[in-house]
Amino acid sequence: SGKNQVKQKFNKLVCDWLPPAIVRQIRWKSSEEIRFEGEYDTWQDATGNCTGYDSGEILEKVLEATLKVINGEAVYERDSVLFDHIEYSWPVLSGLMWVAARHNGQMNVLDYGGSLGISYFENRLFLNSLSNFSWNVVEQAHFVVEGKRHIQDEYLRFYETIDDCVKDIKPNTILLSSVLQYLQDPGNIIDSLIKIGSDVILIDRTIVNSNSVNNIYIQHVSSAIYSASYPCYSLSESWLLNRIGNTYDMVTDFTSLDFPALRNINSKFKGYIFKKMA
């Protein structure tokens, strides 16, 4: 809407002209509605106090936003919020292009928890230059139904399970973007994905801490996005690196999204690029 465009232009002016310290304070205030409550002793305790991920409203909002991107009414969508420019995760795009270079322009991505193809739409301008690629999202059943019905194309496919996906394609890249912290048993999923033997694992926008334990919280989402709350981990970075490090070498790590609310729980968003050991 016109109001949103004015707000976006104002925000850009603020970011361009104000000192970084003040910008950080403004962002802190604007993200206060997204907050983390806890800690909780168990995942079940947290789940009992929130709405969860399978809320129909979440899917409805994400589908509506994704269709606007496909129809050219918006450039980019993240968490159902529309943007007039793409907010690239440059380390992830670099990782994807690195895989393609290692495989003569061929890339088959297994995007675990990839919503309705958000990372595919984010990067497709660059992906389209590859000689051979497929993007394969593994998601919750109700997302897969709508993905197949409205979104799927010659490059983008949707699957309910890792096994279903691997029956169809042999992924040389696994992407885990903003998903591990929302899984009840992230270790089990990591182990299942490692068994596939893909060349590279890309992790992005993952909540980590510098402790030795995975802490459990409830994340409350801003009502401006959609009314929801769900359990999430702040993962021990050492636990995560050890889990993957038996089979994969870490090529690099990077600071991901800047998210002030995470400072309140002594955590941050990080990303990693792993390469399978020879």
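Residue indices begin at 1 and follow the sequence shown. Just so it is clear, the values below take in all heavy atoms, side chains as well, and ignore hydrogens, waters and symmetry mates.
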### Task
List in chain and number order the residues that pass ring pair (Phe, Tyr, Trp, His ring centres under 6.0 Å) with Tyr76, two or more places apart in sequence or in another chain; answer none if no residue qualifies.
Phe83

### Summary
The complete set of salt bridge (Lys or Arg N to Asp or Glu O under 4.0 Å) pairs with one or both residues in residues 90-109, sequence neighbours excluded, reads Arg102-Asp199

### Task
Could you list all the salt bridge (Lys or Arg N to Asp or Glu O under 4.0 Å) pairs where at least one residue sits in residues 105-120, not counting sequence neighbours?
none

### Message
I want to know whether Phe254 and Trp90 have ring centres closer than 6.0 Å.
### Response
no

### Query
Within the side chain of Lys276, is there an N or O that forms a donor-acceptor pair under 3.5 Å with the backbone of Ile194?
no

### Task
Would you list the pairs meeting side chain to side chain donor-acceptor pair (under 3.5 Å) in which at least one residue belongs to residues 189-198, sequence neighbours left out?
Asp191-Arg243

### Task
Establish, yes or no, whether a centroid distance under 6.0 Å links the rings of Tyr40 and Tyr217.
no

### Query
Is the closest side-chain donor-acceptor distance between Glu139 and Tyr159 under 3.5 Å?
no

#### Entry: Passing candidate, side chain to side chain donor-acceptor pair (under 3.5 Å) with Glu146, options Arg149, Lys148, His142
Arg149

### Message
Quiz question: by atom type and distance under 3.5 Å, do the side chains of Tyr120 and Asp153 form a donor-acceptor pair?
### Response
yes

### Summary
Contacts of Thr161 meeting side chain to side chain contact (heavy atoms under 4.5 Å, CB included) (sequence neighbours excluded), chain-then-number -> Asp163, Asp164

## Note on the structure
Residue pairs passing the salt bridge (Lys or Arg N to Asp or Glu O under 4.0 Å) test with at least one member in residues 230-241, sequence neighbours excluded, are Glu237-Lys270

### Query
What residue among Leu93, Ile118, Asn128 forms side-chain contact (heavy atoms from CB on, under 4.5 Å) with Asn123?
Leu93

### Task
Apply the test ring pair (Phe, Tyr, Trp, His ring centres under 6.0 Å) to residues Phe133 and Tyr155: give CA-CA distance (whole Å), side-chain angles for both, the deciding distance (0.1 Å), then the verdict.
CA-CA 7 Å; Phe133 86 92; Tyr155 303 110; 4.7 Å; yes

